[in-house]
Colleague: 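Questions regarding the structure given below will be posed in turn.
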Protein chains: 2
Amino acid sequence: MPRAGLTPAAVTEEAARLCDEQGFDRLSLAAVAKRFGVAVPSLYKHVGGLEALRREVAMAAAADFAQALGRAAIGRAEADALRAAARAYRDYARAHPGRYAALQQAAPRPGEDDEGAAVFYRSVEVLVPVVRGFGLADEALIDVIRTVRSALHGFVDLELSGGFGLPQGVDASFDVLVEALVRTLRDWPVSAAAQEGADGAHGG
Amino acid sequence: MPRAGLTPAAVTEEAARLCDEQGFDRLSLAAVAKRFGVAVPSLYKHVGGLEALRREVAMAAAADFAQALGRAAIGRAEADALRAAARAYRDYARAHPGRYAALQQAAPRPGEDDEGAAVFYRSVEVLVPVVRGFGLADEALIDVIRTVRSALHGFVDLELSGGFGLPQGVDASFDVLVEALVRTLRDWPVSAAAQEGADGAHGG
DNA sequence: CAGGCGGAGCTAATAGGATTAGCTTTCTGG
DNA sequence: CCAGAAAGCTAATCCTATTAGCTCCGCCTG
């Protein structure tokens, strides 16, 4: 029997494709092995197991995602940059729902998985210059980025999970949300009551 | 051997508790059976199986959640109502992370699960009067509710999944997000460009 | 109080997925 | 050509879900 030519990268890529088609929760070694026409234990020569494969998919997705966002925002500023990033965000999630879902669970549990954490944060840091472009105070940066991420992730997650009911008007709703974000960042209250608890914490 | 006194409601409740403690994805019949000190197949006398149990947990969670939100908003108006609802939303998710996660997957797949859909929507409709209180045009209602839901769900989901990194300053960030929502609804552009695509679709 | 019936919980058995151990075969470098 | 590393396989174990069919508890009736 000829070798199947598996590699860690090929296995991860195929797993990611499977996630996009069937959902991240349906990822299984059995399904991946079937796609390659190999026996399940063969995969262990290339990946550490199901959990490891999930992490691999998540890391690859984080890299892809960060790149897509970065490319979208390049050469744009302020509202245009935010609009482009938001569109890229949603487009990525819709084109790669399984990868996007994987990305979420790539969030670092404190104390472990430092390597994954680094990759994950890179996919978040892309938003920093975009938000900075609105000229906000540094103390507000983390809160604002968290707000932007919340809005985008929430919309995309609800959309993907069918939480919006019938899909009619979802594109328009997204435009509305993005424009609301633009106004929010433009009119940010530099020293409003909302800052009372801001302590410039880590993360974001 | 004395009977364990299982009932559908008791099994669902224990399953929900297990979800909150270990995560919705860790829910298994084996774990639930162990908690009751019964054999796994015994559970089938009370629930239809793992999938059915997940649905039961989701439905119960949806009802609880809707009630919590409704109670919070009662007797309040406009910004106060929104703040109270937002706080209740986050509080519920933090107190019952597994149930909240279950709720998300309760989103109705089109064409099936009509009963679940009804319960699910009830947990969304609670926001309608809250948003209405801001005096927005009816055409904008769906988009605005979707925006509010996106922001709240996104924040809560990122917080629960550890997506915010170290948990420092998360409370403050949530206040910032909620106040941004309040300003957004107050200053809503009644006939802005953002409405160009709004078509008054279903769902939300 | 005895009989009996419904149903709660059990054991046994099947199926599918993850994982480990250890074997075989296939490339590749010398 | 050949020797070894690595790729892929089979066998075996464990865990979970699910179905089938049994048993015996406990109430309800006569």
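These values consider heavy atoms only, across backbone and side chains, with no hydrogens, waters or symmetry-generated copies. A note on names: the letters A, B, ... follow the listed sequences, proteins ahead of strands, and every chain is numbered from 1.
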Colleague: Sub-3.5 Å donor-acceptor pair from the side chain of R99(B) to the main-chain atoms of D64(B), do we have one?
Modeller: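 Between the backbone of D64(B) and the side chain of R99(B) there is no qualifying donor-acceptor contact (under 3.5 Å).
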
Colleague: Could you go through the side chain to side chain contact (heavy atoms under 4.5 Å, CB included) check for F174(A) and R146(B) one step at a time?
Modeller: CA-CA 9 Å; F174(A) 188 68; R146(B) 284 177 174 172; over 6 Å; no

Colleague: With a 4.0 Å limit, can you tell me whether S42(A) has a side-chain N or O closer than that to the phosphate oxygens OP1/OP2 of dA7(D)?
Modeller: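 For dA7(D), OP1/OP2 do not have a side-chain N/O of S42(A) under 4.0 Å.
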
Colleague: Restricting to salt bridge (charged side-chain N to carboxylate O under 4.0 Å, His left out), what partner residues turn up for E56(B), sequence neighbours left out?
Modeller: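 With sequence neighbours excluded, E56(B) shows a salt bridge (charged side-chain N to carboxylate O under 4.0 Å, His left out) to no residue whatsoever.
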
Colleague: Can you tell me how far P of dG7(C) sits from CG of L43(B), to the nearest Å?
Modeller: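 Between P of dG7(C) and CG of L43(B): 18 Å.
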
Colleague: Salt bridge or not for E21(B) and R26(B), using N-O below 4.0 Å?
Modeller: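 No salt bridge links E21(B) with R26(B).
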
Colleague: Report the distance from atom CG of L6(A) to atom P of dG8(D), rounded to the nearest whole Å.
Modeller: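 Roughly 4 Å, once rounded to whole Å.
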
Colleague: What nitrogen or oxygen pairs link the protein and nucleotides 14-18 of chain D at under 3.5 Å?
Modeller:
from, atom 1, to, atom 2, distance (Å)
dA17(D), OP1, L29(B), N, 2.9
dA17(D), OP2, L29(B), N, 3.2
dA17(D), OP2, A30(B), N, 2.8
dT18(D), OP2, Y44(B), OH, 2.5
dT18(D), OP2, L50(B), N, 2.8
dT18(D), O5', Y44(B), OH, 2.9

Colleague: Taking only the side-chain nitrogens and oxygens of H46(A), find out if one of them lies under 4.0 Å from OP1 or OP2 of dG8(D).
Modeller: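 H46(A) to dG8(D) OP1/OP2: side-chain N or O found under 4.0 Å.
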
Colleague: On the side chain of K45(B), is there an atom forming a donor-acceptor pair with the base of dG7(C) - under 3.5 Å, no angle test?
Modeller: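 Flag unset: no donor-acceptor pair detected.
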
Colleague: For a side-chain contact (heavy atoms from CB on, under 4.5 Å) with S150(B), tell me which candidate from L152(A), D157(A), V156(A), L177(A) qualifies.
Modeller: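 Of the listed options, the one satisfying the test is L177(A).
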
Colleague: Provide, to the nearest angstrom, the distance between the CZ atom belonging to F36(A) and the C1' atom belonging to dC9(D).
Modeller: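 From F36(A) CZ to dC9(D) C1': 17 Å.
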
Colleague: What do you reckon, are the aromatic ring centroids of Y100(B) and F24(B) less than 6.0 Å apart?
Modeller: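 Ring-ring flag for Y100(B)/F24(B): false, centres at least 6.0 Å apart.
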
